[in-house]
Every structure is written in structure tokens, then in C-alpha cells.
Amino acid sequence: MKVLVKGAGVAGLTAAFEFAARGAAVTVAETRPALGGNASWFAGGMLAPWCERESAEQPVLDLGRDAADWWDAATPGLVARRGTLVLAAPRDAGELDRFASRTTGYRRVEEDEIALLEPDLAGRFRRGLLFAAEGHLDPRQTMAALHDKLAATGVEFHFGADAQHVFGCDRQIDCTGMAAQNDWLRGVRGEMLTLRTPDISLSRPVRLLHPRFPLYAVPRTDHRFMIGATMIESQSGGPVTARSMMELLGTAYALHPAFGEAEIVETGVGVRPAFPDNLPRVETNGEIIAINGLYRHGFLARQAADLVFSQDRTKELAHETDGQRRSA
Ligand SMILES: Cc1cc2nc3c(=O)[nH]c(=O)nc-3n(C[C@H](O)[C@H](O)[C@H](O)COP(=O)(O)OP(=O)(O)OC[C@H]3O[C@@H](n4cnc5c(N)ncnc54)[C@H](O)[C@@H]3O)c2cc1C
């Protein structure tokens, strides 16, 4: 079977991976000139379904709990499994209790253990929650690795391509995010910064709860930290606003004052594609399968790719591709 995947964000790449793994001949068409620049590129890369359950429905946890395993198998060595640390300033202790009451999969940690987990935060926070089973990855590194792996196994990539010009496929998988034609889809703008400072080291994503400006810091290599992210009901992909910048920097400073001296090495904006219930959908219309609405959870990979094969209609596709592989 020949499959055309439209879009090389995380939905498209993971769908390409699942179809190729089942023996389909896969072509990926992406309108951008190269990998990146989309919502997936600006993501934190947190594999945090237990934390996300604070504001998400149960399917996000059910579908996301194996995400770290999925990425480990697809891109070995790029997933860090050190959990997520959730903190709040003493005056916001109520936020921590509220977060705990809405989630599972954590244990409470006190000041001493916080200092052991993250020595640079020693003495700054009295209480926290450790979600030990969670992980994180660098979206750019991981997407590049997945692209290279797919290309090496024969998946064709056409960047800067209008997918209409790629002919001769049996199925189209529409993974075009916010560009998809779907009246139910809305955009949730996410602004982020990358800060660099040699004065702070973190081993895992740290979420700082705050009644108005919750924030997370995700460690990258080279003393860089992805600081995110705003949640604004808007489809605008325009530059980060001064107000958002102040909020992100202010909360980073509250996490650790050394962020005040950090270099701002990047600002970025991604628009999260979301349906009204904030849950992902796989919709089939003739030969076109659309995967969309990944909202805050694009890297909880089962939602994007495996989900296709968990639908009755598309189980048939797996059999078709398996059958073709056997007869190839
Ligand atoms: C700041 C921020 C932080 C986030 N943090 C996390 C996180 O920590 N963990 C997590 O799991 N999720 C996170 N997310 C959410 C996640 O990034 C999204 O759910 C995910 O990126 C959506 O992926 P997508 O592939 O559907 O869309 P996109 O990444 O936007 O990809 C769609 C692609 O389709 C292409 N396209 C459009 N039209 C066409 C066409 N006609 N033909 C071919 N190609 C086309 C576009 O150019 C684009 O490359 C975050 C999002 C943001 C913005």
C-alpha cells in the first residue's frame, strides 16, 4: 500500500513511522522548506501524562502513559526518564494541594529531597510533588532522529512540496495541524523562550505552580532551558508579546534568580491544534485519515500514530499493509 502523509510535525512523523513499520510505502509531503518551524518544534517535549491529567481528561493519561516507551523504541537513547518535579512557592502551597488532588502517580517530597533531586533548587521550596514515571525529550533532536531513521528505511520526504503534486497513493494521512480544513479546530497559542545560563543545572522538567502564571522549565543540553509556555486562545503565530515575555521571565526568575542573568537565546511561538474537548481525533473520510487536535499532548505519541491503528476502520489498514509485507 502507498501512503501519503501530509505534514512533518510530530503527528506526521509518528504516523509515517507506524505505517512504514507495517510495511506501507510512505511518502511525507511538508509545505515548509525543512523540518521544523511548526508547533512540534517549539514544544517542551515533556512526556507528562500524569501531570497533564490536572487539566486533561482520562484518555490523555490512558493514551500517554506508554509515550516514553514508544519514543525509546523509535529513537533509542533520546528520552530522559527522571520524572517531573512540581513545586510552588510557600505562599502558593494551596496550588500544590489543588494539583495533587487532581492527579495521581506522584509522591510528595519535602525540602531535603528536593535538594537531593535538584541541588540548585536547595532551600528555595519546602514542598513538592515528584511524578517519577514521567520523562522528557528534546523535540528537535528527536524529530530529526525520527526523520533520519525514516529516510534511511526508504520513506520519501518532499519538503517545500504541495502535497497535491505527490500522486499515486492509496491513502492520505492528513497531519497538517492548524492548516487542516476542520471547522471544529481552534488554535491555542503557546509562547516559549530558551534561556542559557551556566549557573543553574536541572535534571528534569520542573513545573512551578502559580495561580496566574504557571510555568515549566525543561532542561536541554549546553546549559539551555526551554521556558514555557503561554496558553492563549488565539491562532496567531506572531512574535512573542512583551507581556508574555515579562510573565515567562518573571516566573523563571521566581524559580531561580540566576535566570535573571541568563541569555535569551530564542523566543518562539507554536499554535496548538485543539478540538472543543481538547482530545485528539482520528477521522476517516474515504481514503483520507486525519489525525489532529493533539493540543498540549503531541508527544504522547500513541495519540497520534498508534491511535490510527486502534480504530476499527484502520485495523483493516494494518492487515492490508501486513499482508503486502508478507507477500513482498
Ligand atoms: C509552546 C508549546 C509547548 C508544548 N509542549 C508540549 C510538551 O511538552 N509535550 C507535548 O506532548 N506536547 C507539547 N506541545 C503540544 C505539541 O507541540 C502539539 O500537540 C503538536 O506539535 C501538534 O503536532 P502536529 O503534527 O499536529 O502539528 P504541527 O507540528 O503544527 O505540524 C503540522 C505540519 O503540517 C504542515 N502542513 C500544513 N499544511 C500542509 C499541507 N497542505 N501539506 C503538507 N504539509 C502541511 C505544517 O507546515 C506543519 O509542519 C506544546 C506546544 C507548544 C506550542
Side-chain angles (χ1 to χ4, degrees), residues 43-57 60-61 82-136 188-195 197 199-219 225-233 240-262 264 272 278 295-297:
M46 293 177 294
L47 306 173
W50 285 272
C51 278
E52 287 296 310
R53 182 70 178 89
E54 182 254 344
S55 59
E57 300 297 323
V60 170
L61 175 54
R82 299 186 205 105
T84 303
L85 186 58
V86 179
L87 300 171
R91 68 176 172 279
D92 298 327
E95 290 295 308
L96 208 57
D97 294 332
R98 189 189 59 77
F99 198 94
S101 72
R102 298 180 59 86
T103 52
T104 58
Y106 61 82
R107 65 185 168 77
R108 290 188 181 268
V109 289
E110 306 289 329
E111 195 166 348
D112 289 355
E113 194 172 358
I114 294 170
L116 287 175
L117 290 164
E118 297 294 354
D120 283 355
L121 299 180
R124 300 193 52 74
F125 299 93
R126 290 193 205 125
R127 294 164 54 213
L129 307 170
L130 179 69
F131 291 78
E134 296 191 336
H136 70 282
V188 182
R189 176 179 158 93
E191 296 153 298
M192 53 75 73
L193 314 173
T194 304
L195 301 182
T197 170
D199 298 332
I200 306 172
S201 292
L202 296 177
S203 301
R204 55 186 59 75
V206 176
R207 294 184 182 222
L208 183 59
L209 304 182
H210 184 279
R212 291 177 65 203
F213 310 123
L215 160 142
Y216 53 79
V218 187
F225 300 86
M226 185 278 194
I227 307 290
T230 56
M231 292 277 293
I232 299 172
E233 291 286 333
V240 175
T241 63
R243 179 185 176 145
S244 295
M245 177 79 107
M246 286 189 292
E247 289 171 3
L248 289 168
L249 289 175
T251 325
Y253 186 74
L255 181 63
H256 198 299
F259 278 122
E261 303 303 320
I264 302 174
R272 308 171 182 92
N278 294 333
Y295 184 49
R296 287 170 58 104
H297 312 119

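In this chain, residues are counted from 1 in sequence order.
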Classify the ring geometry of Tyr295 against His297: parallel below 30°, tilted from 30° to 60°, perpendicular beyond 60°.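 Perpendicular: the ring planes of Tyr295 and His297 meet at over 60°.
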
Please find the pair of heavy atoms, one from [X] and one from [Y], that lie closest to each other, and give the distance.
X      : Y      : value
Thr251 : Leu208 : O-CD2, 3.7 Å
Ile114 : Gly128 : CD1-N, 3.9 Å
Cys51  : Val86  : SG-CG2, 3.8 Å
Phe259 : Ala252 : CD1-O, 3.2 Å
Gly44  : Val218 : O-CG1, 3.6 Å
Pro205 : His136 : CD-ND1, 3.2 Å

To the nearest 0.5 Å, tell me how far [X] [atom1] sits from [Y] [atom2].
X      : Y      : atom1 : atom2 : value
Tyr216 : Leu255 : OH    : CG    : 13.5 Å
Thr104 : Leu61  : OG1   : CG    : 5.5 Å
Leu202 : Leu121 : CG    : CG    : 5.5 Å
Leu130 : Thr84  : CG    : OG1   : 8.0 Å
Arg126 : Glu110 : CZ    : CD    : 11.0 Å
Glu191 : Leu193 : CD    : CG    : 9.0 Å

Taking atom types as modelled and ignoring hydrogens, do the side chains of Glu54 and Thr103 form a donor-acceptor contact shorter than 3.5 angstrom?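 Judged by distance alone, the side chains do not pair up.
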
Validation row: [X], [Y] side chains within 4.5 angstrom (heavy atoms):
X      : Y      : answer
Thr194 : Ile227 : no
Arg272 : Arg189 : no
Leu195 : Leu249 : yes
Phe125 : Glu111 : no

For [Y], is there an ion pair with [X] - N to carboxylate O distance below 4.0 angstrom?
X      : Y      : result
Arg108 : Asp97  : yes
Glu52  : Arg207 : yes
Glu118 : Arg82  : no

Apply side chain to side chain contact (heavy atoms under 4.5 Å, CB included) to residues Glu261 and Thr197 and explain how you reach the verdict. CA-CA 7 Å; Glu261 303 303 320; Thr197 170; 5.8 Å; no

In sequence, state the C-alpha distance, the side-chain angles, and the governing distance for Ser203 and Leu117, and then conclude on side chain to side chain contact (heavy atoms under 4.5 Å, CB included). CA-CA 8 Å; Ser203 301; Leu117 290 164; over 6 Å; no

Test your reading of the model: is there a side-chain donor-acceptor pair from [X] to the backbone of [Y], 3.5 Å cut-off?
X      : Y      : answer
Tyr106 : Ala132 : no
Thr230 : Ile232 : no
Arg107 : Leu129 : no
Arg124 : Ala254 : yes
Asp92  : His210 : no

Test side chain to side chain contact (heavy atoms under 4.5 Å, CB included) on Met46 and Glu134 and set out the steps. CA-CA 8 Å; Met46 293 177 294; Glu134 296 191 336; over 6 Å; no

May I have the step-by-step check of side chain to side chain contact (heavy atoms under 4.5 Å, CB included) for Val109 and Leu85, ending in yes or no? CA-CA 9 Å; Val109 289; Leu85 186 58; 3.9 Å; yes

